[in-house]
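I have placed the structure first, in the form of structure tokens, so that the comments after it can refer back to it.
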There are 2 protein chains.
Amino acid sequence: MRKGEATRSTILDEASRLASQVGLGGLTIGSLATQTELSKSGLFAHFGSKESLQLEVIEHTSERFTAAVIRPALKEPRGEPRMRKLFELWLEWGSVEFGCPFISAAFELDDQPGPLRDRMVRNQRDWVDTISMIFSGGVTEGHFRADADPIQFAFDIEGVMLAFTIASRLLGDPAAAARATGSFERLLAAAAA
Amino acid sequence: MRKGEATRSTILDEASRLASQVGLGGLTIGSLATQTELSKSGLFAHFGSKESLQLEVIEHTSERFTAAVIRPALKEPRGEPRMRKLFELWLEWGSVEFGCPFISAAFELDDQPGPLRDRMVRNQRDWVDTISMIFSGGVTEGHFRADADPIQFAFDIEGVMLAFTIASRLLGDPAAAARATGSFERLLAAAAA
DNA sequence: TCCGTTTTAGCACGACCGTTCGTTACGGCG
DNA sequence: CGCCGTAACGAACGGTCGTGCTAAAACGGA
């Protein structure tokens, strides 16, 4: 029982890493089994189907994201400091070895109906909510203009992160992080009260 | 000879459409053959390998993009009008039935070395160049501030387009285009001389 | 109309896909 | 010690993948 949970988690970690490279659809039970040094059938038994494996990968990664980005940011004082921390951690999250698994998944699934897409939509909605609520907190604190649109702000910094990913991962631009931070600062300044 | 070129083009059109949905890696010769009403081997004979098929899909789509977005924009007067037109056409290009095949490909390939990735990098570099050169034209015309960074501008509107894609295709936000246009206008205003 | 050159189909291949099944090794509890 | 549920394995399944090979069909210029 305990043992099972552990291997399961190992599998999902590896799967998340693999999915960042080849996409959720590119995930293969065979290759995943090889990488985790399990037999195909042994690994398969943990999930019952490929789709639930993929679903659990999303779930698992989502929890890691919450733990690495959202939760620590919420420990910062409300308003601008919290928003800054959120962006900083997000940038770090997107800078690790294989990048953010959600980004590729989002673009991969946006035209493929099904439970996977549904889950990603929910994820993305939650994420936009998180950003805009943190922004609203900043309005309450008097850091940001009351007439600013929190959802538009979320839209804009989402764009910055996506552009960062392209610049950094595809183009290999060493200035990518600096560009992203610059854009973020300009957005903050434009929203400042 | 004539006939071959025609079917080839038909195949590539369909492949481009398919790749927008399932990604370049999700492309399958079998399904592509079914959709184009050709035999697997008949279709295969046109390309010789899956990888060159994928490469030609990128090439083909790139030409369509140039014809639909870049070339018409270049007919506008230099500077701000040209930049506006570029963004407007880009937004249209990304709004068609199955979205921009490049965006999913960019995120799909960013961690998979090989000729496909190389081709996408070149594409992306060219695109950033195009945007920043049009921006520079605007500086020359006196529309944009001389101290503005054209590459940073390209970075920013790239981000806007990517955020638009997520909002529109994944979240189904009907306000996505309006948000994108708003962000673009703000970027223009910030760069205005 | 005929001939040479594309262009397409048919068939087969080995590899790998996701999945199922029966069986074996392991670990905690009586 | 033996028991039993969990965990992992190996072999095999039907199916599809990308890719060759060969022959038929369709085309286009003479």
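Just so we're on the same page: letters track the sequence lines, and every chain starts at 1. All values below come from the heavy atoms of this structure, side chains included, with hydrogens, waters and symmetry mates left out. Given the structure is predicted, the values throughout are model-derived calculations rather than measurements.
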Inset, instruction - Give A:L43 one of three labels, base, sugar-phosphate or nothing, depending on what nucleic acid heavy atoms sit under 4.0 Å from its own. - result: nothing
Inset, instruction - Determine: side-chain N/O of B:H46 to OP1/OP2 of C:dT6, distance under 4.0 Å, yes or no. - result: no
Legend entry - Touch class at under 4.0 angstrom, heavy-atom based, for B:L27 against every strand present: sugar-phosphate
Inset, instruction - Tell whether A:K40 reaches the base of D:dG10 with its side chain through a donor-acceptor pair below 3.5 angstrom. - result: no
Inset, instruction - To the nearest 0.5 angstrom, please state how far the CD atom of B:E158 sits from the CD1 atom of B:I103. - result: 7.0 Å
Inset, instruction - In whole angstrom, give the distance that lies between atom CG of B:L53 and atom P of D:dC17. - result: 13 Å
Legend entry - Value in whole Å for how far the C1' atom of C:dA12 lies from CZ of B:F44: 14 Å
Inset, instruction - Could you check how far CD of B:E5 sits from C1' of C:dT8, rounded to whole Å? - result: 16 Å
Inset, instruction - Give the rounded distance in Å between these two atoms: NZ of B:K50 and P of D:dT19. - result: 8 Å
Inset, instruction - Figure out the CG/P separation between A:L32 and D:dA8, and round it to whole Å. - result: 13 Å
Legend entry - Atom-pair distance (CZ on B:F47; P on C:dT8), nearest Å: 10 Å
Legend entry - Side-chain N or O of B:T28 closer than 4.0 Å to phosphate OP1/OP2 of D:dC17: yes
Inset, instruction - Starting from C1' on D:dG18, measure out to CD on B:Q54 and report it in whole angstrom. - result: 11 Å
Inset, instruction - Using the six-membered ring wherever Trp is involved, compare the ring planes of B:F65 and B:W93 and label them parallel, tilted or perpendicular (cut-offs 30° and 60°). - result: perpendicular
Legend entry - Euclidean distance, B:T140 OG1 relative to B:F135 CZ, rounded to 0.5 Å: 10.5 Å
Legend entry - Short side-chain to backbone donor-acceptor contact, A:S9 and A:A6, under 3.5 Å: no
Inset, instruction - Kindly say whether, by distance alone, the side chain of A:S41 makes a donor-acceptor pair under 3.5 Å with the base of D:dG10? - result: yes
Legend entry - Side chain of A:S49 (C-beta onward), nearest among D:dA8, C:dA9, C:dT19: C:dT19
Legend entry - Nucleotide C:dC17, atom P - distance to CD1 of B:I29 in whole Å: 17 Å
Inset, instruction - State the CD-OG distance between B:E56 and B:S62, to the nearest 0.5 angstrom. - result: 13.0 Å
